[in-house]
Amino acid sequence: MKILVCLKQVPHQDARLDIAGDGAWIKEDGIKFEINSYDSFALEEALRLKDAGAATEVIVTSIGPDRVTQALRTALGMGADRAVHVKDPAVEGSDALGIARTLAAVAKSVACDAVFLGLMSDDSNASAVGPMIGELLGVPSATGVVKEEKTASGFRVERELEGGALEVVELNTPCVLAVQTGLNQVRYASLKGIMAAKKKPIDVKTAADLGLAGKVGAGAAKVKITKIYAPPKGTGAQILKGSADEVVAGLVGKIKELGLL
Amino acid sequence: MTILVVGEIQKGAVREASYELIAFAKKIGGEVKGLIIGSGCGAQAEAFAKKGAGSVYVADDAALANYSVDAHTRVIKAAVAASGASTVLISNTPSGWDVASRIAAGLDAGFVSDAFNYADGAYVRRVFNGKLDARIVSSAALTVVTVQPGANKAFEGSADAKIEKLAVDLSGLSAKFVETKVAAAKGHDLTKAEIIVSGGRGVGAPEKFNEVIKPLADALGGQMGASRPVVDAGWLPHEYQVGSSGQIVTPKLYMACGISGAIQHLVGMKGANFIIAINKDPDAPIFEVAQLGVVGDLFEIVPKLTAAVKAAKGA
Ligand SMILES: Cc1cc2nc3c(=O)[nH]c(=O)nc-3n(C[C@H](O)[C@H](O)[C@H](O)COP(=O)(O)OP(=O)(O)OC[C@H]3O[C@@H](n4cnc5c(N)ncnc54)[C@H](O)[C@@H]3O)c2cc1C
Ligand SMILES: Nc1ncnc2c1ncn2[C@@H]1O[C@H](COP(=O)(O)O)[C@@H](O)[C@H]1O
């Protein structure tokens, strides 16, 4: 079984978010990036299946500019076998469907049996791409996966519902699993792994290579962000000002007033 | 212009969020048509129709007794075709987000996720885990939108009910529902706590919970809670998690330390009587739901507060 893992590189969770000149996204230069939190769990899950002998190859892929090479190298260092980097200005400005089309084309080109990816990206928070890939490939998909088990015909997975409830579903392979955070403990790349990763191949592809010229990118996008901005402030909290001691005195005063002290 | 509103049955009834979709549809403007999917769901379809959806398609089949991604994909696609809808609204719930973007991909439609508002021709939604808002415009002939539950007031009104059966071929499904499981009994029940002191990713390391957060909870005679990343990292067990996929709590006092205030966390604690937030980022969304806030380093504030609480109690 070959597993393709989709990795998005997103602004670091503690990065400063300044609005870009066009007002429609954030300024990306000068900030730190990291692998989307959900996607690290997807990669770890695929690597565990390989360690257990259930998967034969783990391929990682990412769509993005030069900087995403770092995310792919990290994944190779953790144990992925090879990488496909879709690097093409013509893919930039894609909406979720454009990204899903591109990833579905990568999945076809590597002939994988399963696509593992994140439930949601930490920047666009869309939870869109996983089910879309499933539909485009004509295969089943499951989101919010917190447990998976390989069966003879595919996977038996547990999906997270609300308030701690779980839904158990069986999917035939090929299939798409969009994972929730926390389903495993993600490993770190070892020094040996990082050294070995230097020899692992990163295949660079364009939209045209994937047969998608004109089908993805800003021109093909059906939805567009027209404006991004800090949420309007409501009344908000009363902010205690002063030295740490003054602030603490204010907090104690409030807790007393609430009758809890 | 027709807006197809996909109702969801939960515990035998059409859930509140489905009526919020009707209210959302009225903001967009257009003819509303509803859809109810289930097995033996005639009464729910009737209720949904009468309480605002008006004309409702019903897909009633034993194979639809439980949620299944490919069965629901087929049914919703059939309802889009039958209704000629140009907009489809689905609640952003675990079954909603599992199917909605599939419909969009299958029908080559625009997709907007987790919108909380529609204004001036644009959908409005949160991005960057609540830190920024975005306006999204669709240029597609068909747009599929998931709507954040709880963000809009449920539609309260009535409509002339009209029920239409929708026949869909449900043979050869590739995803099979097995069962739903309820999480194991909780050892640490936060739902009854009067005071909860929660720590988030900002606490930074597992040992800091026992060193910094728990002493304050103890001093106040309360319980310790946490946000999801803390539990995901294995720093605390799942029963400490507050939020949409954890516990929904309503204490007299909730203190959020190093928690940014993503919607999934807020859902779990915004019902608290009083909320205090300690966060070093003055723009953290948690300050919008808190009544009282401290912009500062929790490692400086919390231990001092613990000492002050102990001193106050001793006095
Ligand atoms: C389907 C689904 C279900 C989910 N369910 C839940 C749920 O049940 N519960 C939940 O919590 N989340 C849930 N989440 C995750 C949620 O989206 C957020 O990712 C999560 O709540 C963020 O946790 P956090 O605030 O601790 O971390 P972050 O968002 O990373 O925030 C950390 C905060 O700490 C502050 N900070 C850092 N250092 C310090 C310091 N020294 N002093 C003071 N402040 C500091 C930072 O300024 C920042 O605001 C769910 C997500 C999905 C998609
Ligand atoms: N540019 C990208 N490159 C690789 N994978 C991506 C990309 N964008 C999204 N994904 C995958 O799709 C998942 C869901 O993202 P989203 O639908 O944007 O919330 C992410 O967790 C990633 O696994």
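As a basis for the values below, the full set of heavy atoms in this structure was taken, side chains included, without hydrogen atoms, waters or symmetry mates. Just so it is clear: chains get the letters A, B, ... in the order the sequence lines come, proteins before strands, and each one is counted from 1.
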Any donor-acceptor N/O pair, A/R101 side chain to B/A105 backbone, under 3.5 Å: no

Partners of B/S113 by side-chain hydrogen bond (donor to acceptor under 3.5 Å, both in side chains), sequence neighbours excluded? none

Part of A/N172 lying under 4.5 Å from any heavy atom of chain B: both

Side-chain heavy-atom pair B/F287, A/I239 within 4.5 angstrom cut-off: yes

Quick test of your reading of the model: are A/E135 and B/R74 salt-bridged, counting only N-O distances below 4.0 Å? no

Answer yes when A/K227 and B/D133 have at least one side-chain N-carboxylate O distance shorter than 4.0 Å, and no when they do not. no

Does a donor on one side chain sit under 3.5 Å from an acceptor on the other, for A/D122 and B/N129? yes

At a heavy-atom separation under 4.5 Å, does B/Q291 approach chain A through its side chain, its backbone, both, or neither? backbone

Chain B neighbours within residues 174-189 of chain A, where any heavy atom lies under 4.5 Å away: A/Q180, A/T181, A/G182, A/N184, A/Q185

Of all heavy-atom pairs linking A/P231 and B/R126, the shortest is CB-NH2, 3.6 Å

For residues 118-176 of chain A, pull every pair meeting ring pair (Phe, Tyr, Trp, His ring centres under 6.0 Å), keeping only residues two or more places apart or in separate chains. A/F116-A/F155

We want to know whether B/D98 and A/T143 form a side-chain donor-acceptor pair, criterion being a heavy-atom distance below 3.5 angstrom. yes

Test item: B/F128 and A/P11 side chains (from C-beta on) under 4.5 Å apart, heavy atoms: yes

Derivation and outcome, side chain to side chain contact (heavy atoms under 4.5 Å, CB included), residues A/I255 and B/I195: CA-CA 10 Å; A/I255 299 169; B/I195 298 177; 5.7 Å; no

Under a 4.5 Å cutoff for heavy-atom pairs, which residue among A/V247, A/L171, A/L240 has the most contacts with chain B? A/L240

Under a 4.5 Å heavy-atom criterion, the part of residues 35-45 of chain A in contact with chain B comprises A/F41

For A/K241, is it the side chain, the backbone, both or neither that has a heavy atom under 4.5 Å from a heavy atom of chain B? neither

Using non-hydrogen atoms only, which part of B/D108 is less than 4.5 Å away from chain A: side chain, backbone, both, or neither? both

Less than 4.5 Å to any heavy atom of chain A: does that hold for the side chain of B/I136, its backbone, both, or neither? both

With a 4.5 angstrom heavy-atom cut-off, is it the side chain or the backbone of B/V69 that approaches chain A, or both, or neither? side chain

How far does CD1 of B/I276 sit from CG of A/L258, to the nearest 0.5 angstrom? 7.0 Å

Here the gap from A/L251 atom CG to B/M255 atom CE, rounded to the nearest 0.5 Å, amounts to 6.0 Å

For A/S124, does its backbone N or O pair with a side-chain atom of B/R125 as donor and acceptor, under 3.5 Å? yes

Just how far is it from atom CG of B/L132 to atom CD1 of A/I228, taken to the nearest 0.5 Å? 5.0 Å

Kindly say whether A/E162 contributes a backbone atom to a donor-acceptor pair with the side chain of B/S245 at under 3.5 angstrom? no

Ionic contact status for A/D14 with B/K280, cut-off 4.0 Å: no

